[in-house]
Number of protein chains: 2
Amino acid sequence: MLKYEKIALLIEESIVENNLNHGSRLPNFKELIETYHVSKSTIVKALDLLEKRGIIYQIQGSGVFVRRKKRKGYINFSENQGFTADLGEFDITSKVLELSEVIPPLEVREHLSLDDKESVYYVKRIRYINSQVLCIEESYYNKTIIPYLNVEIAEHSIFDYCKTALKLNISFSDKYIHVIKLNKDESDLLELKEGDPGLLIDELFYLSSGEAFDFSKTIYHYVNSQFFLQSTKIYS
Amino acid sequence: MLKYEKIALLIEESIVENNLNHGSRLPNFKELIETYHVSKSTIVKALDLLEKRGIIYQIQGSGVFVRRKKRKGYINFSENQGFTADLGEFDITSKVLELSEVIPPLEVREHLSLDDKESVYYVKRIRYINSQVLCIEESYYNKTIIPYLNVEIAEHSIFDYCKTALKLNISFSDKYIHVIKLNKDESDLLELKEGDPGLLIDELFYLSSGEAFDFSKTIYHYVNSQFFLQSTKIYS
């Protein structure tokens with residue numbers, strides 16, 4: 001973690017600890033520099049990062065202010081740290097329904113840029129939030145990048161394993177989002193009725209090298225999941 | 001629009017015009033500087049903006065590459081330019097069901113920081129994409145910020161009116177996303193059946209001053225709408 005990222009985390013922690021509401025003004029630059037014993041440019045970078053993350057907003061000539069805190073229990077749509085990071089306050093567990101090596105369907109081959117004889121790890125899991133069904137997830141992992149996977153790993157966070165054991169740098173993702181009616185199999189797994197609503201997310205995850213290594217189809221329980229997203233204007 | 005934003009748009013246009021796919025390499029810094037006749041720092045800023053927007057990714061020491069293009073017809077979840085900007089290739093129209101001045105419910109007063117006697121503009125619209133129902137939208141506009149609104153304006157883009165006529169700088173928003181079952185009224189308006197799925201988005205829009213000026217509840221037609229979101233790792 002870079003220095004300005006550390007400072008950003010410290011500032012965020014102080015917002016949470018002091019229970020600051022939307023619109024609260026943060027200390028000015030001079031005070032932040034003195035508090036954290038860093039240069040002005042580090043503070044500028046830290047604040048830019050916090051603005052990008054939706055934690056604060058800056059008004060030129062006026063100051064730095066706290067943005068509305070997200071409602072508790074909402075999954076953050078815009079960061080791809082995985083649930084374990086998003087829903088840290090909850091108990092997230094997984095039941096592995098299947099873990100196998102398969103030749104994936106065409107759609108997956110295209111997403112992961114595989115040739116038609118290349119096998120992948122296929123993992124199907126039910127994920128729980130505080131013992132309630134959160135989602136069913138089917139993931140396909142490029143074996144060139146994830147050469148080994150087992151049930152024990154898949155029962156916990158596969159992304160943690162990618163980061164810590166395989167030293168992979170998971171960097172960005174593309175999400176395609178649809179609302180669907182559940183079929184019989186899906187509704188059974190989610191403990192709902194056939195025809196009930198579900199949120200389907202196709203997500204393709206990339207390493208910082210630009211290589212796609214994981215394509216996942218996740219269907220969320222429409223009552224037990226809720227999402228949060230902070231958006232920012234891109235062009236002035 | 002700032003200079004680096006203009007350059008970013010030009011680079012994006014060249015990616016679209018040349019139909020570059022995911023993984024295509026862009027010209028190097030030197031070539032970009034020569035092509036656009038700008039300084040290196042302008043190119044750096046333009047590329048950072050394009051990376052933030054999910055148009056490119058940069059690999060240190062290796063170059064700048066095109067990110068997968070979004071599927072056509074998907075609403076971009078992470079930018080809040082309004083449909084008219086997102087779905088520019090489609091014909092977006094609106095039917096105004098109601099436009100009135102009301103004392104809003106408590107939830108809205110809290111979101112817009114209004115006292116309990118303050119009235120707002122309430123607008124209920126059905127929005128269409130190529131003549132198909134896209135969503136129903138109920139919006140509450142702070143009258144201190146939007147002092148005048150009429151049906152003619154609401155039949156088109158209210159945000160365009162805010163930007164061009166009222167010179168407002170719409171800057172960021174918070175979205176809260178749920179999947180629901182439609183009630184009778186909602187399903188009638190969406191031309192669906194009671195109990196069919198819907199995507200409900202509560203969204204609070206802010207000006208660059210940090211003031212919240214619009215709270216909207218939008219319910220999307222589950223077949224006629226689809227969403228796209230590019231996410232980026234925040235901390236290294």
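For clarity, every value in this text was computed on a predicted model and none was experimentally measured. Chain letters run A, B, ... following the sequence lines, proteins first and then strands; every chain starts at 1.
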(request) Start with the C-alpha gap between Ile201(B) and Leu229(A), add the side-chain angles, then the distance that decides, and say whether side-chain contact (heavy atoms from CB on, under 4.5 Å) holds. (result) CA-CA 10 Å; Ile201(B) 303 185; Leu229(A) 179 62; over 6 Å; no
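Once rounded to the nearest 0.5 Å, the distance linking CZ of Phe172(B) with CZ of Arg67(A) reads 4.5 Å. Here OH of Tyr57(A) is found 10.5 Å from CG of Leu207(B). Values are rounded to the nearest 0.5 Å. Put simply, CD1 on Ile177(B) and CD1 on Ile177(A) are 7.0 Å apart, with the number rounded to the nearest 0.5 Å.
Taking Lys217(A) as the reference, Glu107(A), Asp202(A) meet the salt bridge (charged side-chain N to carboxylate O under 4.0 Å, His left out) condition, with sequence neighbours excluded. With sequence neighbours excluded, the residues forming a salt bridge (charged side-chain N to carboxylate O under 4.0 Å, His left out) with Lys181(B) are Asp196(A), listed by chain and number.
Contact annotation for Ile180(A): only backbone heavy atoms (N, CA, C, O) come within less than 4.5 Å of a heavy atom of chain B.
When the candidates Gly198(A), Pro197(A), Ser209(A) are compared by the number of heavy-atom contacts under 4.5 Å with chain B, Pro197(A) comes out ahead.
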